[in-house]
Amino acid sequence: MSFRLHNTATRTVEEFVPLERGVVRMYVCGPNLYGPAHVGHGFSYAFFDVLRRYLEYRGHRVLHVQNFTDIEDRIIERATREGRGVAEIAQEYVDRFFREIDALGVRRADYYPRASETIPKIVEIIAGLIARGHAYRVNGDVYFRVSSFPRYLRLSGRSLEEMQAGARIDPDPRKEHPMDFVLWKAAKAGEPSWPSPWGPGRPGWHIECSAMILQYLGEQIDIHGGGEDLVFPHHENEVAQSEAFTGRMPFVRYWLHNALMKPPVGEEMHRHLGNFVSLQDALRQYSADAIRLFYLSAHYRTPVRWTDEALRASTRGLERLRTALTNAEEAIARTSDREDAGLTEPARRAREAFEAAMDDDVNTPQAVAALFTLAAEINRVADGALKGSGQGRAGLWVASDTLRDLAQVLGLSLQRPGVTARLVPALQAVLADVRTHAAELFPEPASTADPEHLIRTLLAGRERARARHAYDVADRVRARLGELGILVEDLPTGPRWRVASPDGREPSPDARQPRP
RNA sequence: GGCGGCGUAGCCAAGAGGCAAGGCAGGGGUCUGCAAAACCCCCAUCCCCCGGUUCGAAUCCGGGCGCCGCCUCCA
């Protein structure tokens with residue numbers, strides 16, 4: 001089956017065929033660096049990361065470029081207000097952006113151009129547009145002449161007439177047409193500016209993306225992505241500038257737009273509304289995998305609401321996938337059978353269902369469902385193996401390998417968080433505590449600096465306690481470990497522990513420590 | 001006003017003419033000292049409402065009701 005994507009330009013799901021066989025040129029609109037990223041940004045980046053991973057899984061080489069808007073009204077406003085440099089603020093948020101998307105497990109794009117570094121290309125394009133009659137100068141400003149571009153508004157499916165009927169702002173009287181948009185803004189006192197044939201100034205917002213695409217990806221690209229709020233005017237204007245400049249169309253073969261995330265309360269999450277959940281806060285409360293599983297729980301064109309309830313549900317669901325892998329490992333370690341116990345076929349079916357779902361306009365909810373179905377099959381066989389049927393070693397290996405591989409395409413690591421050295425003092429305190437109750441059960445461990453060794457020591461002592469029916473001691477160990485976020489489970493094969501906070505949350509390892 | 005989207009179980013969410021995926025929560029059971037995990041079973045005769053088309057509709061058509069987005073900045 002072919003890979004199909006919803007193209008905003010046609011509003012239909014189309015078969016995806018890249019311009020150049022085996023190579024996909026993809027550009028995704030990046031952040032305006034005037035403030036922190038929120039979970040809605042994270043959703044967009046994570047979704048396009050999944051798209052990129054799947055394209056690569058399907059054998060394409062993906063050239064991925066994402067911009068940083070580092071010169072723009074809001075950053076300038078902020079710099080002025082705080083008495084700081086524009087570049088300083090931009091750099092602060094670039095650094096933070098990378099910390100956060102790295103923590104989220106978003107693979108980095110091939111290149112992250114900044115508007116301020118793309119000025120020569122921007123000037124070249126504007127000069128070309130003026131020369132071709134697609135743009136005009138008004139004092140130091142330069143505007144795009146929409147009347148010169150008949151295809152204007154085709155992407156967003158509007159008409160100039162209706163746009164004006166619904167206009168919510170007073171048009172600048174200096175413009176030839178109310179819908180003409182700015183390509184170059186003349187410098188104002190105190191603002192950063194660059195020289196140009198029209199005098200010092202800075203680029204308008206839309207032109208940077210056109211310039212970056214032309215500079216780094218070419219005159220025609222396969223995929224251009226971003227939030228659906230960017231369709232108009234941002235992407236519409238990009239099309240106009242780019243196609244008017246190059247004379248080639250389509251500038252973009254497939255326009256992809258993700259739905260916007262809804263805040264816990266209200267309908268729109270926006271930085272300027274102040275109702276956002278920052279990516280940083282999200283990562284402090286939930287693991288990257290849980291956040292990504294939540295993102296993938298709905299189709300990318302369906303708006304989802306960020307709620308603690310939903311994130312906890314995703315954390316639990318994630319735990320189920322991880323447990324399947326753990327169960328498989330334990331079953332494999334305890335069986336010698338070479339038969340597949342009927343798991344090879346379910347693994348193949350899961351991969352087939354996964355690919356069919358992803359092929360259908362990146363239907364991640366269905367793809368995730370395939371993962372859960374496979375996890376259930378793994379658990380079924382692992383359960384049987386641990387209960388003594390002793391079968392399934394080969395099948396468990398194949399099935400868990402498949403689960404890991406498919407999860408990886410979704411950017412899910414399925415890694416359990418480990419215990420950190422920070423827990424050592426607390427674990428030592430637990431040991432000292434139980435030793436006052438039953439020192440004979442808990443001999444001094446060889447090492448008191450390794451958290452895992454301390455946990456093993458405690459659990460070994462607890463097993464001795466259980467063997468003597470000293471359940472008060474055994475339960476005390478389990479309760480104290482539970483307070484530290486370590487869940488103890490007594491399986492038929494012996495005790496097992498894992499990190500799992502009782503409130504259903506699970507911070508991302510990198511985000512646990514508050515920043516200084 | 002123009003353009004567009006949505007309404008599926010307690011919650012989240014797929015499905016888009018052939019008889020309702022998956023997750024979370026919940027109930028019963030197996031296992032277990034208990035708890036947890038896992039497994040087994042149960043949990044929408046029905047998909048906002050009313051008409052219509054069809055052998056057959058949650059899916060198509062018509063009409064309602066409700067919610068939301070874009071038309072300034074925004075992932």
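Only a predicted model underlies this, so the values are computations on that prediction, with no experimental measurement involved.
Using a 4.0 Å heavy-atom distance criterion, A:Asp229 is classed as a base contact. Across all strands, A:Gly40 comes closer than 4.0 Å to base atoms (heavy-atom distances). In this structure, A:Gly30 reaches the sugar-phosphate backbone alone: every heavy-atom distance under 4.0 Å involves primed, P, OP1 or OP2 atoms, never a base. A:Arg478 comes within 4.0 angstrom of a base, heavy atoms only. Across all strands shown, A:Val28 has no heavy atoms under 4.0 Å from either base or sugar-phosphate atoms. Within the 4.0 angstrom heavy-atom criterion, base atoms lie near A:Tyr471. Using a 4.0 Å heavy-atom distance criterion, A:Asp490 is classed as a base contact.
Across all strands shown, B:C39 pairs with B:G29; the Watson-Crick or G-U wobble distances both stay below 3.5 Å. With a cut-off of 3.5 Å on both Watson-Crick or G-U wobble distances, the partner of B:C60 is given as B:G52. Pairing of B:U72, defined by two Watson-Crick or G-U wobble distances under 3.5 Å, is not identified with any nucleotide. Pairing of B:C34, defined by two Watson-Crick or G-U wobble distances under 3.5 Å, is not identified with any nucleotide. B:C67 is paired with B:G5 under the criterion used here, namely a Watson-Crick or G-U wobble arrangement in which both key atom distances are under 3.5 Å.
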Between protein and nucleotides 3-13 of chain B, what N or O pairs are separated by less than 3.5 Å?
none

Pairs under 3.5 angstrom, nitrogen or oxygen only, protein versus nucleotides 27-29 of chain B, please.
none

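Residues satisfying the ring-ring contact (aromatic ring centres under 6.0 Å, His included) criterion with A:Phe442, sequence neighbours excluded, are absent altogether.
Of the residues near RNA chain B, A:Ser314 and A:Glu228, the one whose nearest nucleotide (by heavy atom distance) lies more toward the 5' end is A:Ser314. Along RNA chain B, the nucleotide nearest A:Gln366 and the nucleotide nearest A:Glu489 are compared for position; the residue whose nucleotide lies closer to the 5' end is A:Gln366.
The side chain of A:Arg380 approaches B:C40 more closely than any other nucleotide in the set B:A75, B:A38, B:C40.
Between the side chains of A:Asn258 and A:Glu228, no donor N or O sits under 3.5 Å from an acceptor N or O. Using modelled atom types, one finds a donor on one side chain and an acceptor on the other under 3.5 Å when comparing A:Asn327 with A:Arg496. In summary, the side chains of A:Glu176 and A:Ser147 do not present any donor paired with an acceptor at a separation below 3.5 Å, with no hydrogens or angles considered.
One distance of note links NE2 of A:His257 with CZ of A:Arg301; it measures 12.0 Å at 0.5 Å rounding.
Between A:Asn363 and B:A14 there is no side-chain polar atom (N or O) within less than 4.0 angstrom of OP1 or OP2. The side chain of A:Arg316 contributes an N or O atom lying less than 4.0 Å from OP1 or OP2 of B:A37. One finds no side-chain N or O of A:Arg466 lying less than 4.0 angstrom from the OP1 or OP2 phosphate oxygen of B:G33.
A cation-pi arrangement, defined by a distance under 6.0 Å to the six-membered ring centre and an angle within 45 degrees of its axis, is present between A:Arg108 and A:Phe98.
Across B:C3 and B:A14, the matching C1' atoms stand 27 Å from one another, rounded to whole Å. Across B:C31 and B:G56, the matching C1' atoms stand 46 Å from one another, rounded to whole Å.
A:Glu463 places its CD atom 11 Å from the P atom of B:G33, with the value rounded to the nearest Å.
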